[in-house]
2 protein chains.
Amino acid sequence: MAQAKAIEAPPVEGGNNATDRCPMIDFVNLVSGKWAIPILYRLIVTGCPIRFGELQRAVAPITQKELTRQLRLFEHRGLVYRKVYAEMPPRVEYEITPMGRTLRGTLDSLADWMRVNASHLIT
Amino acid sequence: MAQAKAIEAPPVEGGNNATDRCPMIDFVNLVSGKWAIPILYRLIVTGCPIRFGELQRAVAPITQKELTRQLRLFEHRGLVYRKVYAEMPPRVEYEITPMGRTLRGTLDSLADWMRVNASHLIT
DNA sequence: CGGCATCCCCGCAGATACTG
DNA sequence: CAGTATCTGCGGGGATGCCG
């Protein structure tokens, strides 16, 4: 099931893109960076549209630049919706997409593991 | 470093150590870097001692330097055993620890998600 | 308020060569 | 074969300032 015989990667026909290896590499490429997972997880547990500023406070101390960058990446990859309201002052809301939501179980598991083992790990 | 201020850390009951924030941040700190998760996962699915060279081939195309660095980090954190044989030529074997092994379910889930969704994701 | 633009630092990570 | 040393770059990501 979750086996990965990476070494002798069977030659995939056609111009398969870079996702021919271990799925872990794909995952790291997808959520690389210090803030990607925390942002995603926040959007998932929130579950409803959330404003930029509120999100930033929730994932503090991230900078606006980085939060914007990551959100744009997620939007481009179909993990996050972005909704702009033509108001004054401006309002922008972000929300996890159904596909993004399917990460919930995995990320919960991850968070649980971390909560259990954080105290045993040397920093 | 990423210390800054604990903006609005909700008071957690009991003795509260350095891991007072979102466990996701701890996780990213633990396995930051391009190769950490692939290496760890490889050691987990292998399940038995594996030589340095073989591990490197399995997680190709990682460099020796990076593989050494990550393995040392994992060893220091109690996720990986390191066993040196006084032979000629030298032989060093690495193995996942029981604590590291407990990550299996989480990482399997992660890999499964990636396999399912890789094709839907814009690179 | 959201989000570009700019400047800049530092550490991940690659390439290469050398040692026991 | 495993590991170290050195050089190098690239980009993540922080700080600040301006604009609609």
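All values reported here derive from a predicted model rather than from experimental measurement. Chain letters run A, B, ... following the sequence lines, proteins first and then strands; every chain starts at 1.
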Go through B:Y81 and B:E75 one step at a time and tell me if the side chain to side chain donor-acceptor pair (under 3.5 Å) criterion holds.
CA-CA 6 Å; B:Y81 293 132; B:E75 185 197 10; over 6 Å; no
Kindly compute the distance separating CG (A:L107) from CG (A:L43), expressed to the nearest 0.5 Å.
11.0 Å
On the ring face of B:Y94, is B:R82 found with NZ or CZ under 6.0 Å from the centre and within 45° of the axis?
no
Is A:T97 reaching over with its side chain to a backbone N or O of A:G78, donor-acceptor style, under 3.5 angstrom?
yes
Could you work out which one of D:dT4, C:dC4, D:dG14 sits closest to the side chain of A:W35?
D:dG14
Could you check B:K65 against A:P90 and say which one's nearest nucleotide on DNA chain D is further toward the 5' end?
B:K65
Starting the side chain at C-beta, find the nucleotide from C:dG2, D:dC1, D:dC7 nearest to B:P89.
D:dC1
Interatomic distance where CG belongs to A:L71 and C1' belongs to C:dG2 [whole Å]
11 Å
Starting at CG of B:N29 and ending at C1' of C:dG11, how long is that distance when rounded to a whole Å?
14 Å
B:R57 side chain near D:dA2 phosphate (N/O to OP1/OP2, under 4.0 Å)
no
CE of A:M88 versus P of D:dC19: gap in Å, rounded?
14 Å
Respond yes when some side-chain nitrogen or oxygen of B:T63 is under 4.0 Å from OP1 or OP2 of C:dG14, and no when none is.
yes
Which nucleotide, C:dA13, D:dG3, C:dG2, lies nearest any side-chain atom of B:E66?
C:dA13
Once you round it to whole Å, what is the distance between C1' of C:dC10 and NZ of A:K34?
12 Å
Relative to the 5' end of DNA chain D, which residue comes earlier, A:S32 or B:Y94, by the nucleotide with the nearest heavy atom?
B:Y94
B:R51 side-chain N/O to D:dA2 phosphate OP1/OP2 under 4.0 Å:
yes
